[in-house]
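The block underneath contains the structure these notes are about, expressed in structure tokens.
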Amino acid sequence: MISDRMNNPFVDFNEKSSFLTGNLSDLGGSFIPESLPHREEQILQMAKLLGSLMRNGRPSNIVVYGRTGTGKTSTTRHVMRMLTDATNGYVRICYINCQINDSQYSVLVTLVNLFSADSEENIPLSGWPLDRIYSELVSRIKRSSRPLLLVLDEIDRMIAKSGSDSLYVILKLGDDVDGLSCSIIGITNDTSFSERLDSRVRSRLNQESMLLPPYNASELKDILSYRTKGILREGSLEESALNLCAAIAAREHGDARKALDLLRVAIDITIRNSSLVITDKEVIAARERLEIDILRETVKSLPLHTQIVLLSCVVTQEVTRRPSFTGEISRNYSEICQELGNSPLSNRRVSDLISDLDDIGLISTRIQSMGRNGRSKLIQLEENGDQLKKYLMEVDSLSSFVGAGLGKQSRLNLGNDNDPAN
DNA sequence: ACTCCACAGGAAAATTGGGGTA
DNA sequence: TACCCCAATTTTCCTGTGGAGT
């Protein structure tokens, strides 16, 4: 179909990226490499703890702690792969990300469906009573009669949403299926996670814990060198650019994912600029682009009403030029909802959404008492307001606020004139 | 010492939306 | 089709709170 190579941008792009010798997506977060530099010790430790699964024994449950990018998931997945290889797939391994499946119901359903044989139908994502799903799970596990390793990534999300009970049900599996050899690995970046479990769950789950320390700059450099082998032609990555990637990520709590992302984006920028060598300049540009991308992505992925609350925070602070109070945010939120044609949520719910925004880090809050004038949360933007507004305006359902919003600023609730205290 | 404000945030009730069953 | 069950979400109701004002 395309005969004119000279005018084909894909051909052009491919030739420009001639320093690439492999697949750039291999630097992405989901790729699990053959080996994990500086995690050999932890891999060995985890493998030892799980060893008895191969002998149908009852290994300990493990909680893996570590900050973002310390290799918790990669280490665990690596061990999963080793276990599969060593047992020829005899040990059944279920990996569930609790950020996606964060309710008791959805974890159980996912688990049951992972166990479904070809002949069995998947159970629906809602509708069934929990006890029915549980007994379905038990009967499917009984039929399978193979050792089970259950990995719950971001396990703290499940506890935050459904409480300890949801975990207790899963931990109980071992008791309800006679002779089941089952081990659970929980992965979390929340060091206070186990404190929030009730005692019966804590003692069962936290039999063993592993803490993955942050990587230092030199370890990060090793990781980057290892991961770029086979992807970049020799000499296409300057030593100082490599050091810079490692140094930036080391400063960000030793985050290997950050280091890999930086390098990946730096490579991308180099290709786009038709350069042939990745230098400090590209790494610095990559850092800026990543920061923007993360913020934009965060803002755009918020639920609609959380976005409107954030918009209210931005607009209110834009006008008052001081931190705002919950009441102001709530009233302006309702105004904005009205303007956009959405029915507003209750103040109680808005208060929760404000807490959510605080958790995400887009705003910071602290409770302040004004004596006779009551007590309220003082809310301050953590990010540049103009930038937040720009990203919010890119959201389809909010974009109509632009012109109208600015024009209507005068009627927004900005404290004093609408404050019942006055 | 007591009052009162404007909420925070817990608990229970109500609503919503997906699915099953007769 | 009408009704039931269920989990998740949201609303309603409520108690608790810190500190300026009295």
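Here is how names work: the chains are called A, B, and so on, in the same order as the sequence lines, proteins then strands, and each is numbered from 1.
- Using a cutoff of 4.0 Å between basic side-chain nitrogens and carboxylate oxygens, A:Arg257 and A:Asp261 are not scored as salt-bridged.
- Within the 4.0 Å cut-off from OP1 or OP2 of B:dA8, at least one side-chain nitrogen or oxygen of A:Ser351 is found.
- Between A:Lys377 and B:dA6 there is no side-chain polar atom (N or O) within less than 4.0 angstrom of OP1 or OP2.
- Two end axes, each from the C1' atoms of five base pairs, can be drawn for the helix from B:dA1-C:dT22 to B:dA22-C:dT1; they diverge by 30°, to 10 degrees.
- Donor-acceptor pairing under 3.5 Å is recorded for the side chains of A:Lys377 and A:Ser355.
- Judged purely by distance below 3.5 Å, without hydrogens or angles, the side chains of A:Ser312 and A:Asn332 never pair a donor atom with an acceptor atom.
- For A:Arg349, taking side-chain heavy atoms from C-beta onward, the closest of the listed nucleotides B:dC7, B:dT21, C:dT11 is C:dT11.
- A salt bridge is defined here as a Lys NZ or Arg NE, NH1 or NH2 lying under 4.0 Å from an Asp or Glu carboxylate O, and A:Glu136 with A:Arg140 meets this definition.
- Taking a 6.0 Å sphere around CZ of A:Arg289, one finds it holds more than 12 heavy atoms contributed by other residues, nucleotides or ligands.
- Judged by distance alone, the side chain of A:Lys221 and the main-chain N or O of A:Ala246 form no donor-acceptor pair under 3.5 Å.
- At whole-Å resolution of the value, CG in A:Asp352 and C1' in C:dA8 are 14 Å apart.
- Following rounding to the nearest Å, A:Leu345 (CG) and B:dT16 (P) show an atom-to-atom distance of 13 Å.
- In this entry the distance linking NE2 of A:His305 with P of C:dA8 reads 20 Å, nearest Å.
- Taking only side-chain nitrogens and oxygens, A:Ser346 never comes nearer than 4.0 Å to OP1 or OP2 of C:dT12.
- Going from atom OH of A:Tyr134 over to atom P of C:dA7 covers 15 Å, rounded to whole Å.
- Remark: the backbone N or O of A:Phe31 is not paired with any side-chain donor or acceptor of A:Arg77 at under 3.5 angstrom.
- Summarising the geometry, the separation between CG on A:Leu108 and C1' on C:dA8 is reported as 15 Å, rounded to the nearest angstrom.
- Put simply, CD on A:Gln368 is 15 Å from C1' on B:dA8, counting in whole angstrom units.
- Side-chain atoms of A:Ser369 never come within 3.5 Å of backbone atoms of A:Arg375 as a donor-acceptor pair (strictly under, hydrogens ignored).
- The closest side-chain donor-acceptor pair between A:Gln380 and A:Ser364, if any, does not fall under 3.5 angstrom.
- Checked against B:dT21, B:dG9, B:dA6, the side chain of A:Ile367 finds its nearest nucleotide in B:dG9.
- In this structure, A:Leu378 atom CG and B:dC7 atom P are separated by 12 Å, rounded to whole Å.
- Spacing between atom CZ of A:Arg331 and atom P of B:dA6 amounts to 9 Å, rounded to whole angstrom units.
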remark   = Heavy-atom contacts, protein to nucleotides 13-18 of chain C, under 4.0 Å, summarised as B (base), S (sugar-phosphate only) or - (none) per nt, yield ----BB
